[in-house]
Undergrad: 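Before I ask anything, let me first share the structure, which is written out below as structure tokens.
Throughout, protein chains are lettered first and strands after them, A, B, ... in sequence-line order, and every chain is numbered starting at 1. These values consider heavy atoms only, across backbone and side chains, with no hydrogens, waters or symmetry-generated copies.
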2 protein chains.
Amino acid sequence: MRLTSKGRYAVSAMIDLVKNQHQGAVNLAAISERQFISLSYLEQLFRRLREGGLVKSIRGPGGGYLLNRAADKISVADVIRAVDEQIQATRCVNALRGCHRGNRCDTHELWDSLGMHIYRYLDVVSLQDVAEKNVSLAAVELAPAENYPPCQPIQFDASIAAAGSGERIAAVS
Amino acid sequence: MRLTSKGRYAVSAMIDLVKNQHQGAVNLAAISERQFISLSYLEQLFRRLREGGLVKSIRGPGGGYLLNRAADKISVADVIRAVDEQIQATRCVNALRGCHRGNRCDTHELWDSLGMHIYRYLDVVSLQDVAEKNVSLAAVELAPAENYPPCQPIQFDASIAAAGSGERIAAVS
DNA sequence: TATAATCCCGACTAATTTAGTCAACTATTC
DNA sequence: GAATAGTTGACTAAATTAGTCGGGATTATA
């Protein structure tokens, strides 16, 4: 998962959907107008959202998109993961591979931990929360710290050359 | 603050400094070798670190860099802020400015909150922690949630066009 | 069955950013 | 004064992101 403006566009669009789908399928032209996102770009985003199973489409006149699950069952992380395709990190993935010539780099744990930290936040906040402006740190702090499910990959930016020899490092666990 | 590989390089270099400065100033050539970061690039990074008051330099033979404060008094956030210069976010900064034509966008709080979340993490972890691999989620969760100091700007990536009309939005508070 | 609305898809381009290099200069030690 | 090491600004290359364009497929409705 990466945090880019593409992800933000997608979240905005999905929130628009949450707020407008009660009257049936919402077409992209409408979202485009309300959210000031170009239609072509929305098409690109919704292709991914559909492939990711987050929305379903209805074609033809009167068609559009609907959420595929309830708004409180879709997390912000889900949306971002759907649109920002996962570039498989090539190194530094399994503890001892990559980093500095076979040695786990000193900062590996830091980025790992940060990634998990961000993930835990975005995975807890649902579209419903955002739509209701029910987003606060408190919500996250209440989430159980232990027995938290498998740490998911987070990638902060696109070009993540390791601090070393052009190899790739990412905050990926 | 932005999360890019430049910041990661800087953190790696600083950790190298933490581990090697006990014998006096550490020169960039040495860091370059150990961390596999090009000398020229290190020069660029350390200029900023020096300007940010995180390191001090000693010129001439035997010279190099030293931390300007104790390792447990420098946070990872300090380092990242020093090297990734702040691009002043033009809109969406003061609650009601920017976003969608004067209206605070629906996702504004989300990014605000996420930014603060990340900041709180990176601000708590010191270079000492990282050097000692003393980095865990627990460490953060122990930090006091309330009365936490002013929320600092976080910017996730470089090109953050708002989901709207090319205006700029950032997770900036 | 024609038409229009709407999603679907691939290829392409433009803009921005990041990463990194180069060359020359200044200060300090021996 | 020669070598070491930091200082600085300008420049380049690569990668990524954001966004466009043109055409195609599907379906409702008249």
Side-chain angles (χ1 to χ4, degrees), chain A residues 2-10 12-13 17 24-32 36-51 55-66 80 83-85 87 155-169, chain B residues 2-10 12-13 17 24-33 35-51 55-66 80 83-85 87 155-169:
Chain A
R2 292 180 297 170
L3 299 171
T4 69
S5 67
K6 183 186 275 188
R8 264 186 294 269
Y9 279 111
S12 291
L17 208 49
V26 180
N27 67 61
L28 294 188
I31 297 178
S32 170
F36 306 98
I37 305 172
S38 88
L39 182 57
S40 327
Y41 203 47
L42 276 177
E43 286 176 348
Q44 199 171 293
L45 296 175
F46 273 80
R47 188 198 306 195
R48 304 237 176 122
L49 293 171
R50 181 173 45 82
E51 288 166 355
V55 299
K56 56 192 163 195
S57 63
I58 298 171
R59 295 174 133 200
Y65 289 91
L66 291 169
I80 294 177
V83 297
D84 270 322
E85 81 269 15
I87 293 173
Q155 197 174 339
F156 302 115
D157 59 4
S159 55
I160 310 186
S165 68
E167 291 175 339
R168 287 187 157 262
I169 172 183
Chain B
R2 293 181 296 172
L3 299 170
T4 68
S5 65
K6 182 185 277 187
R8 263 186 295 268
Y9 280 110
S12 292
L17 208 47
V26 181
N27 68 59
L28 294 187
I31 297 179
S32 169
E33 268 191 28
Q35 302 297 324
F36 305 98
I37 305 173
S38 86
L39 181 57
S40 326
Y41 203 46
L42 277 177
E43 288 172 349
Q44 200 171 291
L45 296 175
F46 274 80
R47 185 199 306 200
R48 304 237 176 123
L49 293 171
R50 182 172 45 82
E51 288 167 353
V55 300
K56 54 191 164 196
S57 63
I58 298 170
R59 294 173 136 199
Y65 288 91
L66 291 169
I80 294 178
V83 297
D84 268 323
E85 81 268 15
I87 293 173
Q155 196 172 340
F156 302 115
D157 59 2
S159 55
I160 311 185
S165 65
E167 291 175 340
R168 287 187 157 263
I169 171 182

Undergrad: Does the side chain of Leu66(A) reach to within under 4.5 Å of the side chain of Leu17(A), using non-hydrogen atoms?
TA: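 Answer no - side chains too far apart.
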Undergrad: Give one of base, sugar-phosphate or nothing for Ser40(B), where a contact means two heavy atoms less than 4.0 Å apart.
TA: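 Base contact - Ser40(B) has a heavy atom under 4.0 Å of at least one base atom.
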Undergrad: Closest heavy-atom contact between Ala25(A) and Gly62(A)?
TA: CB-O, 4.1 Å
Undergrad: To the nearest Å, how far apart are Leu66(B) CG and dG6(D) C1'?
TA: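 For the pair Leu66(B) CG and dG6(D) C1', the rounded distance is 13 Å.
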Undergrad: Between dT4(D), dC7(C), dA28(D), spot the one nearest the side chain of Pro61(A), thanks.
TA: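 That would be dA28(D).
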Undergrad: Please figure out whether Arg50(A) or Gly63(A) has its closest DNA chain C nucleotide nearer the 5' end.
TA: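 By nearest-heavy-atom nucleotide position, the 5'-most residue is Gly63(A).
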Undergrad: Separation of Glu51(B) atom CD from dT7(D) atom C1', in whole Å?
TA: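 From Glu51(B) CD to dT7(D) C1': 10 Å.
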Undergrad: Side chain of Tyr9(B) only, please: which of dG20(C), dA27(C), dC7(C) is the nearest?
TA: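 Nucleotide nearest to Tyr9(B)'s side chain: dG20(C).
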Undergrad: Nearest whole Å is fine: how far is dT18(C) P from Leu45(B) CG?
TA: 13 Å
Undergrad: Between dG6(D), dC22(C), dT8(D), spot the one nearest the side chain of Asn27(B), thanks.
TA: dG6(D)
Undergrad: Scan Ser38(A) against the nucleic acid and name what it touches under 4.0 Å (heavy atoms): base, sugar-phosphate only, or nothing.
TA: sugar-phosphate
Undergrad: Mind checking whether Tyr65(B) and Ile31(B) have side chains closer than 4.5 Å, heavy atoms only?
TA: no
Undergrad: Any side-chain to backbone donor/acceptor pair from Ser32(B) onto Ser38(B)? Under 3.5 Å, distance only.
TA: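 Such a contact is absent between Ser32(B) side chain and Ser38(B) backbone.
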Undergrad: dT21(C), dG6(D), dG19(D): which one has an atom nearest the side-chain heavy atoms of Gln44(A)?
TA: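 Nearest listed nucleotide: dG19(D).
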Undergrad: Nearest whole angstrom, please: distance from the C1' of dA5(D) to the NZ of Lys56(B).
TA: 18 Å
Undergrad: Of the nucleotides dT8(D), dA27(C), dT4(D), which one has an atom closest to the side chain of Arg59(B)?
TA: dA27(C)
Undergrad: State which of dG6(D), dT4(D), dG20(C) makes the closest approach to the side chain of Tyr41(B).
TA: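 The listed nucleotide nearest to Tyr41(B)'s side chain is dG20(C).
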Undergrad: Find the distance Leu49(B):CG to dG6(D):C1' and express it as a whole number of Å.
TA: 14 Å
Undergrad: Go through the steps for Tyr9(B) and Gln35(B) under the test side-chain contact (heavy atoms from CB on, under 4.5 Å), then give the verdict.
TA: CA-CA 9 Å; Tyr9(B) 280 110; Gln35(B) 302 297 324; over 6 Å; no
Undergrad: It should be established whether Ser57(B) places a side-chain nitrogen or oxygen under 4.0 Å from OP1 or OP2 of nucleotide dT7(D).
TA: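 So the side chain of Ser57(B) is within the cut-off, an N or O lying under 4.0 Å from OP1 or OP2 of dT7(D).
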Undergrad: Select base, sugar-phosphate, or nothing to describe what Tyr65(B) touches, counting heavy atoms under 4.0 Å on all strands.
TA: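 Sugar-phosphate, no base atom in range.
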Undergrad: Tell me: CG of Leu42(A) to P of dT6(C), nearest whole Å?
TA: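 Computing the Leu42(A):CG to dT6(C):P distance gives 14 Å.
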Undergrad: In whole angstrom, give the distance that lies between atom CZ of Arg48(A) and atom P of dG10(C).
TA: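 Distance check: Arg48(A) CZ to dG10(C) P gives 11 Å.
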Undergrad: Nearest of dT27(D), dG9(D), dC9(C) to any side-chain atom of Arg47(B)?
TA: dG9(D)
Undergrad: Can you find a donor-acceptor pair, distance only, under 3.5 Å between Glu43(A) side chain and dC7(C) base?
TA: no
Undergrad: Between atom CG in Leu39(B) and atom P in dT21(C), what is the gap in whole Å?
TA: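 Going from Leu39(B) (CG) to dT21(C) (P), I get 10 Å.
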Undergrad: Taking CD in Glu51(B) as the centre, count heavy atoms belonging to other residues, nucleotides or ligands within less than 6.0 Å. Is the count above 12?
TA: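 More than 12 within 6.0 Å, yes.
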